[in-house]
Amino acid sequence: MNILNDIKLEIQSALKVIFTYECHLENITLEETIKNYDGFYTFIIFPHTSNLKQKPEHIGEKLGEYLTVNSSIISDFNVVKGFLNLDLSDNYLISIFNHISNHKSWGYKSSSGKEVMVEFSSPNTNKPLHLGHMRNIFLGYSLSKILEANGYKVHKVQIINDRGIHICKSMVAWNLFGNNETPKSSGMKGDKFVGKFYVMFENEHKKQVDKLVNNGISEEEANLSTGIMKMAKDVLLKWENKENQTVALWKKMNGWVYEGFQSTYDLIDVSFDKNYYESETYLLGKSKIQKGLKNEIFYKEKDNSVWVDLTEDGYDKKILLRSDGTSVYMTQDIGTAIKRFEDFPKIIKQIYTVGSEQDYHFKILFKILEKLNYNWAKECFHLSYGMIDLPSGKMKSREGIVVDADQLIYNMIQTAKKRTNELGKLDDFQNDNSEDLYNIIALGALKYFLLKVDPKKRMLFDPEESIDFQGNTGPFIQYTYARILSLIKRGDSLNLDYKNIDLSKNFQLTNIQKKIINHVYLFSDTIKLSLDMYSPAVIAKYVYDLCKLYNNFYQENKIFDGKEDVTSLFKIKLSYMVSKIIKSALYLLNINLPNRM
RNA sequence: AGCCCUGUAGUUCAAUGGAUAGAAUAGAAGUUUCCUAAACUUUAGAUGCAAGUUCGAUUCUUGUCGGGGCUACCA
């Protein structure tokens, strides 16, 4: 069943009968009727006026009259300027309603067998996760779910930047100041623990730089030649030579970080199917560059550094290997991309969830892969998202101006707890459920807050203002759901068989009920649209509108009136249907639902 | 300097070229003998500026003025 298509066919045949006008389906523009007018869908007449040589109002009237009489779908119409607003008949919407209720999970497509890979998160191992990572992770994870709902098999992966000078810095600082301390002995979360030593390194380094600058050395030179920086470089060299002790410490400290990350991932209900580590892909990248060099895709400078010239493609020249032969960011990404298509030969697409500041990097990466003759290069896609600004400007992780993820979540759980208790929601609640409830609400608020914004756009977060629980928020949707669940519970306790009601042909629907059925129907289109636009925000907007409509209905319609006739049963069934859609939609946003709140 | 993104109510976000530019929040005024008031109703408030294309422009084009990013032998 396809409402848009059904109506278009009716319009097409009406145009033919009334005006002997043959019109292709794709030339019929049909849109949802906007708020202030009666009707469900609007046919836009303007584009056809020149062909029909008549006034749009006249065409609209003729068409509307014909459809109302001859189409079982259309029950009424009105014309405003060049817009023909069409009302859907009760019988048609009831058939839609029955059709949807026969579906196990309305809107989800069955498997197409196609496989895709989605990369997200991709942290460095020297810094804990922050709010920017949260946007990245929720976006990537949600998109994976949206892909699945559209019939794809998805491989969720992250790339972990586990090698390089940054992790060596933490290692040096731990050697110097660590006193064999561990996350366990200090009671710190592993990623926070290692991050602390990274900061210690930077502080000590800065101190030594200042000293050198005071002694008359330029800042640029001082930055490269402090004692502690030399130690870090030495460690990097030892690591590349696979020196036992160094590798052992590296493994140990990264292990702490992974434990820390894992506990955050668990908290936010996110998982990966596979991790990639740069330490395992950078050598492959290097070898591919050597090969490209041999095939003259790349070239060598006098100082032995390797470059690619992309000026013909409208980009600059880009370095691929340093003069000392070590790899750069691009080298590793080339290796990682190739390895992934080797590991999963069936994937037809790879999606990188990475911030918009790397738009240029990915354009070049995909171009290089194309030049290396990988035909899948065209199927690589950079899912670019905007930064999160603070009122003071952008977050700067190097200067510690960030919103820590764990801390933010903790604060939100506390706020949820406080708010719940103020409202007296838990007065008859079992204590053991209450912690779960705070978590569900807090994370629901956070995830919805981050996902409701178009990914491409920058957004603002003010740490001074807590994230709302009212209005267009996660908890609003959770609350709507919890209320429906309590209705269902009551229906069940009265043994009402609302699931198998038979709506006779003459069952009357109210306008708001019709609107709800139509909106539920649109979930299917929304799932597709959200993938086309690579935007979970489309789902968020949809489910919010659904809840608004439902709350409107809830307010105006008493469901249990003592009679419990077919009208009541229908209302329960409609509520049940809405609850299922809310659940399906929030599943795509990775937001959990409480049974009551 | 070049390239890319961006500019909508006080604030945070919407609007596949369509109607009177939607919500939320903050503001003002209401709705609890009745299924959960984290809800609902009413009210006031915005497209940076200037041209162009179009029956129609927040959306496309050009110019202009703001904001951000990238153009690193950092990742």
Side-chain angles (χ1 to χ4, degrees), chain A residues 29 31 33-37 42 44-47 49-50 56 80-83 85 122 124 126 161 163-166 278 301 303-307 314-324 326-330 332-333 355-361 363-364 384 386-387 389 393-394 398 416 419-420 422-423 425 441 445 449 452-454 456-462 465 467-480 482-491 529 532-533 537-538 540-541 544-545 547-548 551-552 554-561 568 571-572 575 596-597:
Chain A
T29 15
E31 294 182 350
T33 302
I34 61 169
K35 219 184 168 183
N36 295 324
Y37 297 91
T42 298
I44 297 170
I45 304 162
F46 296 113
T49 46
S50 59
V80 182
K81 289 184 267 181
F83 301 94
N85 300 322
S122 307
N124 283 351
N126 59 329
N161 302 311
R163 60 166 288 279
I165 192 76
H166 56 285
E278 278 189 3
E301 281 287 346
D303 63 359
N304 270 336
S305 55
V306 178
W307 296 73
Y315 305 111
D316 294 328
K317 291 170 183 173
K318 186 82 191 172
I319 190 159
L320 298 174
L321 284 177
R322 296 193 189 96
S323 47
D324 62 4
T326 55
S327 63
V328 294
Y329 182 33
M330 190 61 80
Q332 298 155 15
D333 271 7
S356 61
E357 69 274 15
Q358 301 203 22
D359 286 353
Y360 187 72
H361 171 82
K363 275 182 194 161
I364 287 182
S384 167
M387 267 185 269
D389 289 319
K394 70 174 282 202
R398 284 185 192 186
R419 185 101 185 94
T420 305
E422 277 169 6
L423 290 169
K425 292 281 183 183
I441 294 172
F449 174 80
K452 76 172 175 184
V453 181
D454 180 347
K456 289 191 292 292
K457 297 206 172 161
R458 302 168 68 90
M459 60 183 291
L460 190 111
F461 173 77
D462 187 348
E465 288 176 37
I467 293 172
D468 280 335
F469 287 17
Q470 280 168 9
N472 187 358
T473 67
F476 168 81
I477 292 155
Q478 291 170 324
Y479 177 71
T480 306
R483 280 210 302 203
I484 298 177
L485 240 54
S486 116
L487 288 178
I488 307 276
K489 226 169 132 186
R490 181 158 169 197
L529 183 65
D532 292 346
M533 298 181 69
V538 171
K541 173 90 164 45
Y544 173 69
D545 288 340
C547 289
K548 283 290 275 187
N551 283 337
N552 201 308
Y554 181 92
Q555 206 75 20
E556 289 177 9
N557 287 264
K558 219 175 146 196
I559 286 160
F560 296 98
D561 52 9
S568 287
K571 287 176 186 169
I572 301 172
S575 302
R596 55 165 288 184
M597 68 185 275

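Within every chain, numbering begins at 1; the chains are lettered A, B, ... in the order of the sequence lines, protein sequences first and strands thereafter. Owing to the predicted nature of the structure, the values given are computational and were not obtained by experimental measurement.
- Heavy atoms of A/E556 sit nowhere under 4.0 angstrom from any nucleic acid atom.
- In this pair, A/F46 does not lay its aromatic ring on the base of B/G56; centres under 5.5 Å and planes under 30 degrees do not both hold.
- A/F449 has its CZ atom 11 Å from the P atom of B/A14, to the nearest Å.
- Looking at A/N85, its side chain comes within 3.5 Å of the base of B/A19 through a donor and an acceptor atom.
- If you check every strand for non-hydrogen atoms under 4.0 Å, A/L460 touches sugar and phosphate atoms only.
- Heavy atoms of A/D454 sit under 4.0 angstrom from primed sugar atoms or phosphate atoms, though from no base atom.
- Checked against the 6.0 Å centroid criterion, the rings of A/F469 and A/Y479 do not qualify as a close aromatic pair.
- Each of A/I34 and A/N124 was matched to the nucleotide of RNA chain B holding its nearest heavy atom; the match closer to the 5' end belongs to A/I34.
- Between B/C35 and A/K571, no contact under 4.0 Å exists linking OP1 or OP2 to a side-chain N or O.
- Electrostatic pairing of A/D324 and A/R322 does not count as a salt bridge here, judged by no charged N lying under 4.0 Å from a carboxylate O.
- At the heavy-atom level, A/F476 lies under 4.0 Å from the strands shown only through sugar-phosphate atoms.
- Applying the 4.0 Å criterion to OP1 and OP2 of B/A19, one finds that A/K35 has every side-chain N and O outside that range.
- Within the nucleic acid shown, A/P47 comes within 4.0 Å of at least one base atom, counting heavy atoms only.
- Listed nucleotides: B/C70, B/A38, B/C35. Nearest to the side chain of A/E357: B/C70.
- Straight-line distance from the CG atom of A/L529 to the C1' atom of B/U16: 7 Å, rounded to whole Å.
- Between A/N552 and the phosphate of B/U41, there is a side-chain N or O to OP1/OP2 separation shorter than 4.0 Å.
- Taking side-chain N and O atoms only, A/N551 has a distance below 4.0 Å to OP1 or OP2 of B/C40.
- With salt bridges taken as basic N to acidic carboxylate O contacts below 4.0 Å, none links A/K363 and A/D359.
- B/C3: Watson-Crick or G-U partner is B/G69, with both key distances under 3.5 Å.
- Contacts of A/E31 with the nucleic acid, taken as non-hydrogen atoms under 4.0 Å apart, include base atoms.
- The CG atom of A/N472 sits 15 Å away from the P atom of B/U12 (whole-angstrom rounding).
- Judged by atom type and distance alone, A/T480 does not reach the base of B/A38 through any side-chain donor-acceptor pair under 3.5 Å.
- Stacking between A/F83 and B/A19 is present: the aromatic ring centre lies within less than 5.5 angstrom of the base six-membered ring centre, and the two planes differ by under 30 degrees.
- Judged by distance alone with a 3.5 Å cut-off, no donor-acceptor contact links the side chain of A/T473 to the base of B/A38.
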Next item on the list: Evaluate the side chain to side chain donor-acceptor pair (under 3.5 Å) criterion for residues A/N161 and A/H166: first the C-alpha distance (whole Å), next the side-chain angles of each, then the deciding distance (0.1 Å), finally the verdict.
Entry: CA-CA 9 Å; A/N161 302 311; A/H166 56 285; over 6 Å; no

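- Scanning atom types as modelled, no donor and acceptor separated by under 3.5 angstrom connect the side chain of A/K456 and the base of B/U6.
- In this structure, CE of A/M533 is placed 10 Å from P of B/A14, rounded to the nearest angstrom.
- With B/U20, B/A75, B/A38 as the choices, the nucleotide that has an atom nearest any side-chain atom of A/Y329 turns out to be B/A75.
- Between the NZ atom of A/K541 and the P atom of B/G22 there is a distance of 12 Å, rounded to whole Å.
- For A/S486, a side-chain nitrogen or oxygen approaches OP1 or OP2 of B/U36 to under 4.0 Å.
- Here A/M459 lies in heavy-atom contact (under 4.0 Å) with sugar-phosphate atoms only.
- Regarding contacts with the backbone of B/A38, every side-chain N or O of A/R483 stays at 4.0 angstrom or more from both OP1 and OP2.
- Searching all strands for a Watson-Crick or G-U wobble partner of B/U32 with both distances below 3.5 Å returns nothing.
- No side-chain donor from either of A/E278 and A/Y329 sits under 3.5 Å from a side-chain acceptor of the other.
- The CD1-P distance, from A/I477 to B/A23, rounds to 16 Å in whole Å.
- For A/K548 and B/G22, the shortest distance from a side-chain N or O to OP1 or OP2 is not below 4.0 Å.
- Regarding contacts with the backbone of B/A14, a side-chain N or O of A/K457 is found under 4.0 angstrom from either OP1 or OP2.
- Using a 4.0 Å heavy-atom criterion, one finds that A/L321 contacts no nucleic acid atom at all.
- Using a 4.0 Å heavy-atom cutoff across all strands shown, A/S50 reaches no nucleic acid atom at all.
- No hydrogens or angles considered: nothing links the side chains of A/N304 and A/S323 as a donor-acceptor pair under 3.5 Å.
- Atom CZ in A/R458 sits roughly 12 Å away from atom P in B/G67 (whole-Å rounding).
- Figure legend. B/U8 is base-paired to no nucleotide; pairs are counted as Watson-Crick or G-U wobble with both atom distances under 3.5 Å.
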Next item on the list: Kindly determine whether A/I572 and A/L487 satisfy side-chain contact (heavy atoms from CB on, under 4.5 Å), including the steps that lead there.
Entry: CA-CA 7 Å; A/I572 301 172; A/L487 288 178; 5.8 Å; no

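- For B/A75, one of the phosphate oxygens OP1 or OP2 lies less than 4.0 angstrom from a side-chain nitrogen or oxygen of A/R322.
- Shown here, B/C49 forms a base pair with B/G63; the pair counts as Watson-Crick or G-U wobble because both key distances fall under 3.5 Å.
- Of the charged side-chain nitrogens involved, none lies within less than 4.0 Å of a carboxylate oxygen, so that A/D389 and A/K394 do not count as a salt-bridged pair.
- The side chain of A/Y360 places no N or O atom within less than 4.0 Å of a non-bridging phosphate oxygen (OP1 or OP2) of B/C70.
- Nucleotide B/A15 forms no Watson-Crick or G-U wobble pair with any nucleotide shown, as no partner meets the under 3.5 Å limit on both distances.
- Counting any heavy atom pair closer than 4.0 Å across all strands shown, A/K558 reaches a base atom.
- Which of B/U20, B/U25, B/C35 sits closest to the side chain of A/D468 comes down to B/U25.
- Considering all non-hydrogen atoms of both residues, A/W307 and A/L320 come closest at C-CD1, 4.2 Å.
- Pairing of B/U20, defined by two Watson-Crick or G-U wobble distances under 3.5 Å, is not identified with any nucleotide.
- A/Y315 comes within 4.0 angstrom of no nucleic acid atom, judged by non-hydrogen atoms across all strands.
- Here B/U32 is in the syn range [glycosidic angle within 90° of 0].
- The residue A/A537 sits apart from the nucleic acid: no heavy atom pair falls under 4.0 Å.
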